[in-house]
Amino acid sequence: MALTVLYAGSEAERDDWRSALAQGADARGMELTLVFDPETVAAETVDVLLFAPDGPVPDLRRFPRLAAIQSLWAGVETIVTRPDLPPGVPIARMVDPGMTEAMVEYVLGAVMRVHLGHDRLLDQRRDRVWRPIAPPLARDRTVGVMGLGVLGAACAQALARLGFDVAGWSRRPRILDGVESHAGIAALPGFLARSEILVILTPLTEQTRGLMDAEMLAKLPAGAHVINVARGPILDDAALLDALARPDGLGGATLDVFDVEPLPDDHRFWDEPRIMITPHIASVSRPETAAPVVLDQLDRLQRGEPLRHLVDPDSGY
Ligand SMILES: NC(=O)c1ccc[n+]([C@@H]2O[C@H](COP(=O)([O-])OP(=O)(O)OC[C@H]3O[C@@H](n4cnc5c(N)ncnc54)[C@H](OP(=O)(O)O)[C@@H]3O)[C@@H](O)[C@H]2O)c1
């Protein structure tokens, strides 16, 4: 079955996606009509929408034949909450090996920076201070990973392989080598209490929005560091700043995601030197590694097989 596939991702990445998808489809001998302009496409011909939140956001009701939506991002909160979402159309998340590798690299880098005290060493270097304080071994450092899905599990296991004392938290118990499993909301306070470094990697859903509020941040050990690579609204901005200001509160934060992106010029985070800010670059979809994933999914559709990595509309991820 020939499929018409409409790319509704970012304009900046459109050419890279165009060549990666076209070359991949040719190499596989797939019958696809790839369309890159949502304004001019004959809407009644579209079978599959490739969606990204930074794309042109076409009105989803325009596509009467839509058989599936493939998200180009791992996070699907912007698509699952859309009022124009046609009922019953399956949505697949992006699970891209390149994205997983990048997230592991970002999280390992951030955890190592905190673990080895690099920020303090940079301050000392600036002030010409020679103060030799050896960092603890990884085995004596507790790290908690909130969310043990594709990305969280890969990060937790990579941290465990480096020797960190790692625990993970998820909705359902997960068995992962070297990772202590905590599951469900009742287990969250205990999990936080043993996390000197916390990595947030849960999706943004009704359950996780605002989850890391003042009460939950207060469960972390004094001096803990929070790394948020999931979504900004999971972590309460004001509560984070308050926790950083308290003597027994947090030691620092590394934030890649924010309520509003780009982070506004006048946001208080810019004035807090203990917050490392990165502009949502922890892990992006790379056409060279993600296009084969999209083509695999289209191939499944053509063979009448269900898509992989389907979003559960009830849980929202
Ligand atoms: N900063 C970036 O550049 C970037 C890049 C990619 C992704 N992300 C973010 O990372 C998120 C995670 O991606 P992923 O691919 O790892 O997602 P995933 O495979 O769907 O995994 C989600 C994990 O979160 C857990 N979870 C969800 N709701 C929960 C709740 N209410 N309580 C406890 N645990 C809960 C799930 O528990 P179960 O295992 O029990 O289902 C699962 O372990 C994405 O949603 C996206 O927002 C950010």
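Whatever order the structure lists them in is the order used to number ligands and atoms, beginning at 1.
- The existence of a salt bridge linking Arg303 and Asp299 is confirmed by a sub-4.0 Å separation between a basic side-chain nitrogen and an acidic carboxylate oxygen.
- With sequence neighbours left out, Glu13 forms a salt bridge (Lys or Arg N to Asp or Glu O under 4.0 Å) with no residue at all.
- By the salt bridge (Lys or Arg N to Asp or Glu O under 4.0 Å) test, Asp123 is found to be paired with Arg126, residues two or more places apart in sequence or in another chain being considered.
- Legend: ring-ring contact (aromatic ring centres under 6.0 Å, His included) pairs involving residues 61-100, not counting sequence neighbours, sorted by first then second residue: Trp73-His280.
- Here the side chains of Glu261 and Val257 are in contact, with some heavy-atom distance below 4.5 Å.
- Between Arg209 and Glu77 no salt bridge is recorded (no basic side-chain N to carboxylate O distance below 4.0 Å).
- Residue-level contacts of ligand 1 at the 4.0 Å heavy-atom threshold are Ala74, Gly75, Arg93, Met99, Met103, Gly147, Leu148, Gly149, Val150, Leu151, Gly152, Trp169, Ser170, Arg171, Arg172, Arg174, Leu201, Thr202, Pro203, Gln207, Thr208, Val229, Ala230, Arg231, Asp256, Val257, His280, Ala282, Ser283, Tyr317.
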